[in-house]
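What follows is a short report on a single structure.
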Amino acid sequence: MASSDRVRVRGLSIYRPIIYGNTATVLTSRERDALPHPDHTHRWTVAVRSAASEPDSDQVGGADDLSYFIKRVTFKLHDTYANPSRNVDKSPFEVSETGWGEFEITIRITFITESGEKAMTLYHHLKLHPWTASGDPEIPPLDIAMKLGPVHSWQYDEIVFNDPYQNFLNLLTTHPPTPLPKAKRRPVPFHLANPGSLEASKGGVPEFNTLMEKEEAERLEEARKTIISEQERWRGILIERERELQKLQGQLQSMSA
Ligand code: SLL
């Protein structure tokens with residue numbers, strides 16, 4: 001390695017888009033019978049993948065192999081699982097299991113040694129049950145869930161490397177990420193597409209696209225406007241009540257005078 005490789009390129013940032021999350025399906029009664037765990041109801045896969053999907057694939061994301069910069073992904077499962085800490089040292093960075101319950105998975109990404117980067121920790125709530133009406137805590141029965149098809153819960157993120165080492169930067173630039181499609185070719189991940197409805201679960205295999213960022217910005221802007229108008233409304237109510245208080249205090253004073 002040339003000594004210039006160990007030089008950091010100051011002021012430069014480079015990122016790689018990833019997704020992390022899970023897919024889950026309901027086990028058929030035949031599949032359940034074949035398992036050593038009769039109480040297991042679902043088969044699921046938790047993964048870290050490139051954000052872009054292979055065209056016409058039934059998999060969310062994963063068009064690019066991320067092992068050129070990721071050395072290991074550790075998925076820490078619930079303690080009810082045997083060997084809950086699962087190390088995956090090559091692509092695809094994923095773990096498939098069966099089970100009956102949802103829980104929080106800790107995902108630790110270790111980068112290749114040459115990167116000089118610290119490991120990164122992400123959290124994902126394993127989702128088995130379909131997206132239901134917002135605020136509705138009810139879990140649809142398994143036969144209905146089975147008809148709705150696979151459940152998808154994926155989060156888009158960008159891993160940013162600041163002041164990268166020259167050799168790591170070279171490595172990254174020789175592996176440009178597959179760009180996301182500009183327009184919607186497939187349903188976007190359900191909870192973003194249609195927060196709330198059971199129908200939203202029927203969308204098929206979702207895909208991330210560049211429009212989603214714009215739509216997210218629009219949702220944030222909408223929320224900001226709602227908050228400002230609520231603030232205005234409450235300020236009005238406060239002023240009115242204070243006026244009333246003053247009036248009543250005045251009356252009280254003149255009565256006791
Ligand atoms: C719950 N807090 O009560 C969660 C825990 C644990 C899930 C869920 C399989 C374990 C095994 C499994 O699904 N664990 O194979 O014994 O909902």
Side-chain angles (χ1 to χ4, degrees), residues 18-49 53 57-62 66 70 72-110 119-157 187-206 208:
I18 60 152
I19 58 164
Y20 58 96
N22 82 278
T23 300
T25 54
V26 178
L27 293 168
T28 61
S29 50
R30 184 185 294 211
E31 286 173 311
R32 286 177 74 160
D33 292 344
L35 286 177
H37 308 278
D39 55 334
H40 287 192
T41 49
H42 292 76
R43 182 181 306 284
W44 50 261
T45 298
V46 59
V48 174
R49 296 181 183 147
S53 301
S57 146
D58 60 358
Q59 177 179 279
V60 186
L66 300 181
I70 293 178
R72 160 177 289 184
V73 178
T74 305
F75 298 91
K76 171 72 178 63
L77 311 181
H78 195 265
D79 287 332
T80 46
Y81 283 92
N83 316 310
S85 204
R86 309 284 174 89
N87 290 324
V88 183
D89 291 323
K90 56 179 196 300
S91 190
F93 296 104
E94 60 182 45
V95 167
S96 294
E97 265 294 354
T98 60
W100 51 265
E102 300 186 342
F103 56 91
E104 179 108 311
I105 300 179
T106 305
I107 303 173
R108 192 176 155 84
I109 302 178
T110 310
M120 176 181 168
T121 304
L122 303 167
Y123 300 91
H124 173 68
H125 183 86
L126 177 71
K127 184 149 178 66
L128 302 183
H129 307 298
W131 302 94
T132 50
S134 35
D136 181 359
E138 211 154 296
I139 296 171
L142 287 177
D143 55 331
I144 293 187
M146 197 179 282
K147 286 198 193 96
L148 290 170
V151 167
H152 291 282
S153 178
W154 297 96
Q155 180 67 50
Y156 174 90
D157 210 341
V188 294
F190 312 124
H191 58 300
L192 296 171
N194 189 359
S197 82
L198 201 59
E199 286 301 302
S201 281
K202 282 204 234 167
V205 181
F208 285 84

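For ligands, and for the atoms within them, numbers begin at 1 and follow the listed sequence.
Closest to atom 11 (C) of ligand 1 by heavy atom, among H40, E97, E104, is H40.
Scanning the protein heavy atoms around atom 1 (C) of ligand 1, the nearest turns out to be W100 CZ3, 3.9 Å. Among all protein heavy atoms, the one lying closest to atom 2 (N) of ligand 1 is E102 O, 4.1 Å.
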CA sep, side-chain torsions, deciding dist, call: V95, T45, side-chain contact (heavy atoms from CB on, under 4.5 Å): CA-CA 6 Å; V95 167; T45 298; over 6 Å; no
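Counting only distance, with no hydrogens or angles, the side chain of N22 and the backbone of K127 share a donor-acceptor pair below 3.5 Å.
Below 3.5 Å of separation, one finds no N or O of H78 facing any N or O of ligand 1. Ligand 1 has no nitrogen or oxygen under 3.5 angstrom from a nitrogen or oxygen of T98. Residue F103 has no nitrogen or oxygen atom sitting less than 3.5 Å from a nitrogen or oxygen atom of ligand 1, judged on distance alone. In terms of N/O distances under 3.5 Å, ligand 1 is approached by T80.
With salt bridges taken as basic N to acidic carboxylate O contacts below 4.0 Å, one links R49 and E94. A salt bridge is absent between K76 and E104; no separation between the charged side-chain nitrogens and carboxylate oxygens falls under 4.0 Å.
For Y123 and Y20, the ring centers sit 6.0 Å or farther from each other.
Side-chain contact check for V73 versus T110: every heavy-atom pair is 4.5 Å or farther apart.
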